[in-house]
Amino acid sequence: MQKLSAIENRENFGKAFRKMRLLRGTTQEKLGEKIGSSREWVSKIECGKSSPNYYDVLVFMRAIEFESLEEINSFLEEATSDVPIHTR
């Protein structure tokens, strides 16, 4: 199984992050304000130049107001679709 680099993982997450923001019809600036961050930080996440921590992901999910467990699962699946899973 090929391992992805940290950069590829960040890019994958950033694409899912951006998609959910756009589906909600909000701008980077408005989302940044809602989560207590800057538009620049949101842009860095979406471009794969920065990685959010677990807390950041939870704040994002709350700010975006996911409507169902299925929507959360869909976002997480897309954000991690290229992340290799290791089993013993």
Side-chain angles (χ1 to χ4, degrees):
M1 176 178 298
Q2 180 182 1
K3 285 188 173 183
L4 294 176
S5 70
I7 291 171
E8 290 169 315
N9 287 333
R10 285 194 310 256
E11 289 173 354
N12 200 46
F13 183 85
K15 288 176 189 176
F17 192 93
R18 181 175 189 273
K19 179 180 175 182
M20 289 308 301
R21 177 182 61 78
L22 293 174
L23 284 173
R24 291 296 189 267
T26 192
T27 65
Q28 289 179 342
E29 185 173 33
K30 287 182 183 178
L31 178 59
E33 289 172 6
K34 199 168 188 180
I35 62 177
S37 194
S38 66
R39 182 206 60 79
E40 291 80 10
W41 182 82
V42 173
S43 177
K44 284 181 181 180
I45 297 293
E46 290 183 1
C47 293
K49 294 181 180 179
S50 184
S51 296
N53 61 35
Y54 182 72
Y55 176 77
D56 293 334
V57 173
L58 293 177
V59 170
F60 166 74
M61 292 174 130
R62 188 173 204 180
I64 290 294
E65 299 174 358
F66 281 86
E67 296 174 355
S68 67
L69 185 56
E70 290 78 22
E71 195 172 46
I72 292 170
N73 287 335
S74 176
F75 166 74
L76 292 174
E77 197 172 286
E78 184 173 343
T80 61
S81 64
D82 292 333
V83 177
I85 297 173
H86 299 282
T87 59
R88 289 181 174 211

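Keep in mind that what you see is a predicted model, and the values were worked out from it rather than measured.
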From [X] atom [atom1] to [Y] atom [atom2], the distance as rounded to the nearest 0.5 Å:
X	Y	atom1	atom2	result
L23	S74	CG	OG	9.0 Å
M61	I64	CE	CD1	10.5 Å
K44	S38	NZ	OG	7.5 Å

(message) My understanding is that only residues two or more places apart in sequence, or in another chain, count here; which of them pass side-chain hydrogen bond (donor to acceptor under 3.5 Å, both in side chains) with R39?
(response) Q28
(message) Once side-chain hydrogen bond (donor to acceptor under 3.5 Å, both in side chains) is applied, do any residues pair with E29, and if so which ones, sequence neighbours excluded?
(response) none
Side chains of residues 13-22: which donor-acceptor pairs under 3.5 Å do they make with residues two or more places apart or in other chains?
from: K19; atom 1: NZ; to: E78; atom 2: OE1; distance (Å): 3.1
from: R21; atom 1: NE; to: E46; atom 2: OE2; distance (Å): 2.5
from: R21; atom 1: NH1; to: T26; atom 2: O; distance (Å): 2.8
from: R21; atom 1: NH2; to: E46; atom 2: OE1; distance (Å): 3.1
from: R21; atom 1: NH2; to: E46; atom 2: OE2; distance (Å): 3.4

(request) Sorted by first residue and then second, give each salt bridge (Lys or Arg N to Asp or Glu O under 4.0 Å) pair with at least one member in residues 47-63; sequence neighbours left out. (result) none
(request) Could you name each residue pair satisfying ring-ring contact (aromatic ring centres under 6.0 Å, His included) that touches residues 31-56, not counting sequence neighbours? (result) none
If you take all heavy atoms of [X] and [Y], which pair is closest and at what distance?
X	Y	value
S51	I45	C-CD1, 3.9 Å
L31	A63	CD1-CB, 4.0 Å
R24	F66	NH2-CA, 3.4 Å

(request) Only counting residues at least two apart or in another chain, list the ones meeting salt bridge (Lys or Arg N to Asp or Glu O under 4.0 Å) with K34. (result) E65
(request) Taking the side chain as every heavy atom from C-beta outward, state whether K30 and T27 have any pair of such atoms under 4.5 Å apart. (result) yes
